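See below for the structure under consideration.
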Amino acid sequence: MAMQPIMAVVNVIATNDVTLLPYLIILLLILILIILIACKPWQRFFSRNFRSHTIKASASEDVNEDVERPLVSQDLESNISDHSRNSASEDSCNQTHGHLNSPQTQGDSLMLDISNHSESVMVGQTLKRPAAQQKYDAKTDSSYNSNINDSSRLFVSKSSADERSILNLEVISGPSCGTHYCLQSTNKSKLPLILGRVAPSDVLIVDSEVSGKHCRINWNMDMLKWELVDMGSLNGTLLNSRAVHHPQTGSRHWGDPVELSSGDIITLGTASKISVHITSQFSKKLPFGVGVASDPMCARRGGKKLPMEDVCYYHWPLSGADEFGLFGICDGHGGVAAATSASRLMPDMVTRILQDELRRQKVFSHCDASDVLREAFSQIEAHLDHLYEGCTATVLLIWGDGHDNYFAQCANVGDSACIANIEGRSVKMSEDHRISSDTERLRMAAAGEPLKDGETRLCGLNLARMLGDKFLKQQDSRFSSEPYISQVVYMNSKSRDFAIMASDGFWDVVNSKKAIQIVHQERERSGHSSADKIAAALLGEARSQRTKDNTSIIFVDFDISNSCKPDDDV
């Protein structure tokens, strides 16, 4: 209908004047253009391709804009870049030197996070590269962590290989009373140690209440300590009268590991009790020989069975004071708790004092450590809170002169004693603090509180000096914790000098002359007896003399020509 007027006009123009034809064509073109603009017939044809192209273009522009736009400030981005470069450098150093620093993750904060990936295929594609990079980084970090863990294990392994602790076990009650077992932390072929009623248990406890495999003891390489674990025994395991087995007794579930300390008592079932004695621990190979031997001597001549209350230890070198080493014996009375506490505190106190450079240099310049030892005893007495238990304490502090010779100084309270053999002559390094000794009687008399004639005990105790026993010290001021401190002696390796430390169970039956004679005999018998064998020979003499008290011995051999390191097969 709209075309009829137009066609009429065309007909009129055509009939009247042919010259108007060009104008007519222009008019038609204009009309067609108007119709095309109004109807948009191309929209359906180009709509799909045009929309896709538009979205692609806009998405590409958005991505470029996002990539170029920093997500953090320019300064912070610069710091991150520098940190990333430094971290990469540090990581390579850490892997080379085996440091235990935590690895640094890189680039996580620069990751793009777009919640709706379906809106644009191009945006999804731009995410693939960071995701792949993140996966690669994680793999790299995993490899780096593995290297760090390997380095950590290597470091711990080397440290643990240098650590050495000797575990002594003795059955002190039950059908297997008297059974002994000794094991070193470095003897991995015999670890873990199984305690049970039947083979293949390592320590056989012939007791109907003990399970076939009752419990086990192992050396914790990471913590450097002995640990006890109940292996699901039927009748349970006690450590110092406290249950360490699974709460459901007889459930066959293993208990949690618990730390063992010197002086602990392990009870299997109800009758079998095992005394634990950890004799030594040190972190580097000793430059001289050390032998340790001990025996509770709990059933001599049918006497009363005694628990092991001796604790002996040695540390070489002291941490932070590498030139020094400490050797000590504590003999408890009223229990082993005070002896155990003192044996743990003494190395720490002495080390703490000697870590002071001025104090350490003073020892070297004056060749005297009296102040160090006196302060250590004072600090330990202040820290001990044992009211009804106490202990003797005899310590030997040794430091080198840099030429394979050594200085040694002793301090003690009580009747555990130390003697030294210097160039063939005997030197007494400690003092006897029994009530009956002349030195103690003179001390008390000088204080205005003399002992009565024939009096050999105070409050039932035969010692006048000790650590702990706070209740007794409150009752009688004549008790003291002030140590006797010896003169410094010079140990010459060429003179084959040595020292013997022992609890009173040894000195009650063996005098110093006999002890030195035994050492010489052992040296001559085999030419080069180890320090452990000499310590065992000294202990054997105490057994043969039927001592009735706990006996512990530390033998220190300064003869470097002697193969006197502790035996590996102990």
Side-chain angles (χ1 to χ4, degrees), residues 160 165-185 187-279 281 294 296 298-299 305-311 332 334-341 343-344 386 389:
S160 301
S165 180
I166 302 175
L167 176 73
N168 294 274
L169 302 177
E170 181 179 9
V171 182
I172 59 175
S173 69
S176 297
C177 182
T179 300
H180 288 264
Y181 198 89
C182 187
L183 179 65
Q184 290 186 12
S185 59
N187 196 340
K188 298 179 181 179
S189 63
K190 295 184 179 180
L191 290 170
L193 181 71
I194 308 297
L195 287 71
R197 189 182 71 258
V198 298
S201 296
D202 302 296
V203 181
L204 294 178
I205 311 296
V206 185
D207 186 340
S208 60
E209 293 186 353
V210 175
S211 299
K213 290 185 178 180
H214 196 100
C215 62
R216 78 175 193 176
I217 298 175
N218 201 11
W219 176 250
N220 188 317
M221 294 288 291
D222 297 324
M223 304 300 294
L224 301 179
K225 63 184 181 181
W226 295 100
E227 290 181 337
L228 171 71
V229 179
D230 181 87
M231 300 174 67
S233 63
L234 291 175
N235 294 305
T237 303
L238 304 180
L239 180 64
N240 300 326
S241 301
R242 297 183 63 180
V244 297
H245 50 264
H246 192 272
Q248 298 177 355
T249 305
S251 63
R252 292 300 185 181
H253 293 298
W254 286 31
D256 295 327
V258 293
E259 180 181 359
L260 283 177
S261 301
S262 192
D264 286 346
I265 301 296
I266 302 171
T267 304
L268 309 183
T270 59
S272 294
K273 296 178 185 279
I274 301 171
S275 173
V276 178
H277 194 42
I278 301 173
T279 56
Q281 183 175 346
S294 63
C298 61
K305 295 178 180 179
L306 301 174
M308 185 59 171
E309 294 179 339
D310 288 356
V311 180
V336 75
T340 302
S341 298
S343 66
R344 290 177 176 176
H386 298 282
E389 295 185 34

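Quick caveat, the model's predicted, so the values are computed rather than measured. Only this structure's heavy atoms are used, side chains among them; waters, hydrogens and symmetry mates stay out. Counting begins at 1 with the first residue of the sequence.
Using a 4.5 Å heavy-atom cutoff, the side chains of T179 and L204 are not in contact. Two residues are said to be in side-chain contact when any heavy atoms from C-beta on lie closer than 4.5 Å; L169 and I217 meet this criterion. Taking 4.5 Å as the limit, every side-chain heavy atom of L238 sits out of range of all side-chain heavy atoms of N240.
In this structure, the separation between CD on E209 and OG1 on T267 is 11.0 Å, given to the nearest 0.5 Å. Atom-to-atom distance recorded for H246:NE2 and D230:CG is 10.0 Å, nearest 0.5 angstrom. The structure places NE2 of H245 at 15.5 Å from CE of M231, a figure rounded to the nearest 0.5 Å. We find the CD1-OG distance between I265 and S241 to be 9.0 Å, quoted to the nearest 0.5 Å. Taking CG of D264 as the reference point, atom CE of M308 lies at 13.0 Å (rounded to 0.5 Å). A distance of 13.5 Å separates CD1 in I205 from NZ in K273, rounded to the nearest 0.5 Å.
With N220 contributing its side chain and K225 its backbone, the two residues share no donor-acceptor pair below 3.5 Å. S233 places a side-chain N or O within 3.5 Å of a backbone atom of G236 that can act as its donor or acceptor partner. Here the side chain of E309 pairs a donor or acceptor atom with the backbone of G335 at under 3.5 angstrom. A donor-acceptor pair is defined here as one N or O able to donate and one able to accept, closer than 3.5 Å; such a pair exists between the side chain of H277 and the backbone of D310. S341 places no side-chain N or O within 3.5 Å of a backbone atom of A338 that could act as its donor or acceptor partner. Proximity of a side-chain donor or acceptor of S262 to a complementary backbone N or O of I278 within less than 3.5 Å is detected.
Between the side chains of S275 and E170, not a single donor N or O lies within less than 3.5 Å of an accepting N or O. For the residue pair S165 / W226, a side-chain donor-acceptor distance below 3.5 Å is found, with atom types taken as modelled.
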Under the criterion side chain to side chain contact (heavy atoms under 4.5 Å, CB included), I'd like the reasoning laid out for L193 against Y181: C-alpha separation, chi angles, the key distance, then a yes or no. CA-CA 10 Å; L193 181 71; Y181 198 89; 3.3 Å; yes
How far apart are the C-alpha atoms of V229 and V258, what are their side-chain angles, what is the distance that settles it, and do they pass the side chain to side chain contact (heavy atoms under 4.5 Å, CB included) test? CA-CA 7 Å; V229 179; V258 293; over 6 Å; no
N235 and L268: CA distance, side-chain angles, deciding distance, side chain to side chain contact (heavy atoms under 4.5 Å, CB included) verdict: CA-CA 7 Å; N235 294 305; L268 309 183; over 6 Å; no
Output, in order, the C-alpha distance, side-chain angles, deciding distance and verdict of side chain to side chain contact (heavy atoms under 4.5 Å, CB included) for L183 and I166. CA-CA 6 Å; L183 179 65; I166 302 175; over 6 Å; no
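Under the side-chain hydrogen bond (donor to acceptor under 3.5 Å, both in side chains) criterion, D256 pairs with no residue, sequence neighbours left out. With sequence neighbours excluded, no residue forms a side-chain hydrogen bond (donor to acceptor under 3.5 Å, both in side chains) with S211.
Scanning both residues, L239 and E259, for their nearest heavy atoms gives CD2-O, 3.8 Å. Residue C177 comes nearest to S173 through the heavy atom pair SG-N, 4.0 Å, listed as atom of the first residue, atom of the second, then distance. V311 approaches S343 most closely through the heavy-atom pair CG1-OG, 3.4 Å.
A side chain to side chain contact (heavy atoms under 4.5 Å, CB included) with C215 is found for one member of I274, V244, I194, T237 and no other, namely T237.
Counting only residues at least two apart or in different chains, side chain to side chain donor-acceptor pair (under 3.5 Å) contacts with residues 194-207 comprise D207-S272.
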